[in-house]
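Okay, structure first, notes after.
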Amino acid sequence: MEDIEDLVQDGGEVMAPRHRNAVMPRVRHRKKAVLQGAEICENGNECDSIIPGTQRIYLKTWGCAHNSSDSEYMAGQLAAYGYHITEDKQNADLWLLNSCTVKNPAEDHFRNEIKAGRDAGKKVVVAGCVPQGAPRSEFLQGLSVVGVQQIDRVVEVVEETLKGNSVRLIGQKKHGGKKQGGASLLLPKVRRNPLIEIISINTGCLNQCTYCKTKHARGELGSYPIDEIVARARQSFDEGVVEIWLTSEDTGAYGRDIGVTLPELLWRLVEVIPEGCRLRLGMTNPPYILDHLEEMAKILQLPRVYAFLHVPVQSGSDGVLGDMKREYTAKDFCHVVDFLRERVPGITIATDIICGFPTETEEDFRETIELCRRYKFPSLFINQFYPRPGTPAAKMQRIPTKEVKNRSRQLTDVFQAYRPYDHKLGEKQTVLVTEEAFDKEHWVGHNKFYEQVLVPKMQEYWGKMVDVEIIETGKHYMRGRPIETCKPVSPALQEPLPKGRISGLDITDTKENKRQCKEELAKQERYIILSFILLISALLVKLAWVCFKMIKSI
């Protein structure tokens with residue numbers, strides 16, 4: 001199963017200038033000549049004229065919610081500049097591919113898409129963790145790169161690439177010598193789902209996990225200031241968003257680099273969440289949540305916060321956790337789960353398991369099995385170990401692939417042996433409907449515990465709080481029948497932006513902007529009326545002059 005966050009200088013290449021408007025050095029331009037107004041490229045073919053901001057851009061994303069947020073920001077900046085974001089890859093002028101390096105399959109898909117783009121004669125720009133973590137990879141040679149902290153300069157990179165240049169911006173943003181979270185959270189963006197805002201509260205992490213390559217790309221911890229995150233949340237709700245996801249490589253570590261804590265941020269955010277809207281926390285590793293369990297329990301009890309937490313354990317064996325350098329024990333993890341389940345009744349705890357880590361013995365794996373049997377996690381993400389190039393675990397002697405697959409199947413059988421929602425059959429619940437189901441025949445709503453509830457796909461339920469009765473339960477979902485006597489209620493402050501609309505630039509639904517729009521419309525109306533009066537007056541004067549001349553001639 002996928003992770004819960006997966007629902008995503010050689011030749012003429014240029015290293016990143018430090019300033020946005022800096023002149024880019026050492027760019028290799030293609031030879032061309034002008035002949036009767038047309039550009040002739042070095043291969044002898046006639047080139048299209050390059051008018052910045054008029055081309056079609058195909059954007060594809062792999063990996064976590066952090067990557068999805070980055071893609072939304074890049075789409076927003078490109079659209080604001082005039083580029084057309086399209087899902088039709090064949091008719092696109094340029095492919096922008098945002099990659100994930102967590103697993104081999106995701107990187108393989110990314111590599112295959114690059115080849116497909118090149119074979120189709122498309123301009124290709126790559127972004128995300130793969131080129132950031134391994135920029136000298138052979139399959140990336142000659143391609144333009146947007147670094148994970150340089151997404152605010154995507155327009156420059158796309159422009160230069162369309163001109164035939166290769167540009168690489170992969171530096172880190174620092175202030176006073178300290179790493180920052182990255183590009184501003186207040187940049188324009190195009191939300192994939194107009195009802196959901198994804199906010200990256202920090203980038204990088206404090207761990208040194210021996211199997212993880214994401215650290216190579218995202219680096220050390222860099223947190224955004226609380227005020228900037230709150231401002232982004234406030235703007236999102238003003239644009240009709242009803243659900244906010246906080247994301248990062250480790251939300252629990254938030255603020256340790258800038259002297260604040262995750263609970264401090266969450267208490268501030270709760271103040272700006274409208275009644276009925278929801279906040280979902282992203283993945284947090286056990287070492288950092290342990291320090292804040294009391295406060296986190298209080299926050300997760302709040303009506304505006306989903307009682308949901310994703311805490312990866314990865315293994316039930318202390319020996320394996322030590323070899324992974326996870327910096328906690330199985331007992332620490334169990335303390336987190338037990339504490340939160342006691343203080344927040346019904347809370348959903350999701351976790352991850354890696355099967356077949358190189359040092360995992362049969363006894364180690366049995367401890368993992370027992371852990372999963374004990375807690376019966378409703379969401380369990382089972383992954384086979386993949387050696388990621390450049391990580392310490394990649395140098396370890398691997399367990400035979402057949403055995404790794406066998407352990408994965410055993411754990412899957414344990415997971416499939418229980419049904420977490422059967423006892424909720426017949427319950428009445430209130431769900432917030434924000435997504436479309438995979439079957440395209442239902443909407444997906446989530447109850448207080450972020451459990452998935454399918455409701456009929458009727459437009460009146462979209463973005464609304466709907467009271468339902470649970471009439472069916474499955475392994476991963478429940479199905480709800482709307483209660484006819486209860487009318488769906490929208491918690492949104494405004495109508496959500498239309499799909500594809502640019503956030504931050506097209507806010508016309510807030511009270512202040514409505515007032516400004518009315519004032520502007522009144523000005524235009526006055527101008528039109530005045531212009532009409534002047535036109536009539538001019539016609540009357542001219543008519544009077546003509547009559548005067550006719551009378552005088554008589």
Side-chain angles (χ1 to χ4, degrees), residues 8 13-24 27 50-87 89 92-100 110 113-114 117 122-133 135 140 142-173 180-192 198-200 203 217-218 224 232 500-506:
V8 275
E13 296 166 350
V14 183
M15 298 307 292
R18 291 189 177 274
H19 303 289
R20 178 174 177 80
N21 297 318
V23 177
M24 295 184 179
V27 177
I50 300 299
I51 302 175
T54 62
Q55 291 78 19
R56 298 175 298 274
I57 310 296
Y58 168 68
L59 176 56
K60 184 174 178 63
T61 308
W62 291 265
C64 65
H66 197 162
N67 263 22
S68 296
S69 178
D70 286 351
S71 289
E72 290 180 350
Y73 277 120
M74 289 191 287
Q77 293 171 87
L78 291 166
Y81 196 75
Y83 290 103
H84 175 63
I85 308 300
T86 178
E87 295 181 1
K89 61 197 294 186
D93 300 291
L94 180 143
W95 290 9
L96 175 55
L97 308 177
N98 193 7
S99 62
C100 172
F110 172 61
E113 196 75 354
I114 289 174
K122 305 294 182 181
K123 304 286 188 183
V124 177
V125 173
V126 293
C129 292
V130 173
Q132 181 76 42
L140 297 175
L143 295 177
S144 291
V145 175
V146 181
V148 294
Q149 286 201 302
Q150 301 291 334
I151 60 172
D152 55 340
R153 302 185 64 181
V154 65
V155 172
E156 297 173 56
V157 177
V158 165
E159 267 191 47
E160 290 298 321
T161 304
L162 286 167
K163 293 174 185 176
N165 302 321
S166 177
V167 181
R168 292 194 166 195
L169 303 181
I170 54 177
Q172 287 192 349
K173 291 186 181 296
Q180 294 180 285
S184 170
L185 294 180
L186 298 180
L187 288 169
K189 68 155 52 176
V190 174
R191 296 187 185 95
R192 188 172 183 179
I198 306 172
I199 303 179
S200 304
T203 188
R218 296 283 182 177
Y224 286 97
R232 181 73 215 184
R501 186 71 65 86
I502 305 170
S503 163
L505 295 186
D506 292 324

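We number each residue from 1, following the sequence as shown.
Considering OG1 of T161 and NZ of K122, their distance stands at 15.0 Å, rounded to 0.5 Å. Atom CZ of R232 is separated from atom CD1 of I198 by 11.0 Å, given to the nearest 0.5 angstrom. The line from CD of Q55 to CG of L78 is 10.5 Å long, rounded to the nearest 0.5 Å. Here the CD-CD1 distance, from E72 to I151, works out to 10.5 Å after rounding to the nearest 0.5 Å. One distance of note links OH of Y58 with CG of L94; it measures 12.5 Å at 0.5 Å rounding. Distance check, rounded to the nearest 0.5 Å: CH2 of W95 to NZ of K123 gives 14.5 Å.
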Please assess L140 against V145 for the test side chain to side chain contact (heavy atoms under 4.5 Å, CB included), listing each intermediate value before the final yes or no.
CA-CA 9 Å; L140 297 175; V145 175; 5.7 Å; no
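Considering every non-hydrogen atom in both K189 and S69, the closest pair reads NZ-OG, 3.8 Å. Taking every heavy atom of both residues into account, A217 and Q132 meet most closely at O-CG, 3.2 Å. In this structure, L185 and S200 approach most closely via the heavy-atom pair CD2-O, 3.6 Å. Shown here for R191 and S503, the closest heavy-atom pair between the two residues is NH2-OG, 3.3 Å. Residue S71 comes nearest to N98 through the heavy atom pair OG-ND2, 2.9 Å, listed as atom of the first residue, atom of the second, then distance. Shown here for L143 and S166, the closest heavy-atom pair between the two residues is O-OG, 3.5 Å.
Checked by atom type and distance alone, the side chain of S144 never pairs as donor or acceptor with a backbone atom of V157 at under 3.5 Å. At distances below 3.5 Å, not a single donor-acceptor pair connects side-chain atoms of D93 with backbone N or O atoms of L162. Of the possible polar contacts, none joining the T86 side chain to the I57 backbone as a donor-acceptor pair under 3.5 Å is found.
Taking the salt bridge (charged side-chain N to carboxylate O under 4.0 Å, His left out) definition, one finds that K89 meets it with E113, sequence neighbours left out. Checked against ring pair (Phe, Tyr, Trp, His ring centres under 6.0 Å), Y73 has no partners two or more places apart in sequence or in another chain. Partners of Q149 by side chain to side chain contact (heavy atoms under 4.5 Å, CB included), not counting sequence neighbours, listed by chain and number: Q172, K173, K179, T203. Under the rule for a ring pair (Phe, Tyr, Trp, His ring centres under 6.0 Å), Y224 has no partner lying at least two apart in sequence or in another chain. Residues meeting the side chain to side chain contact (heavy atoms under 4.5 Å, CB included) test with V190, sequence neighbours left out: A75, A79, I502. R218 is linked by a salt bridge (charged side-chain N to carboxylate O under 4.0 Å, His left out) to D70, E249, counting only residues two or more places apart in sequence or in another chain.
For the side-chain contact (heavy atoms from CB on, under 4.5 Å) test with V155, the passing option among M74, E160, Q77 is Q77; the others fail.
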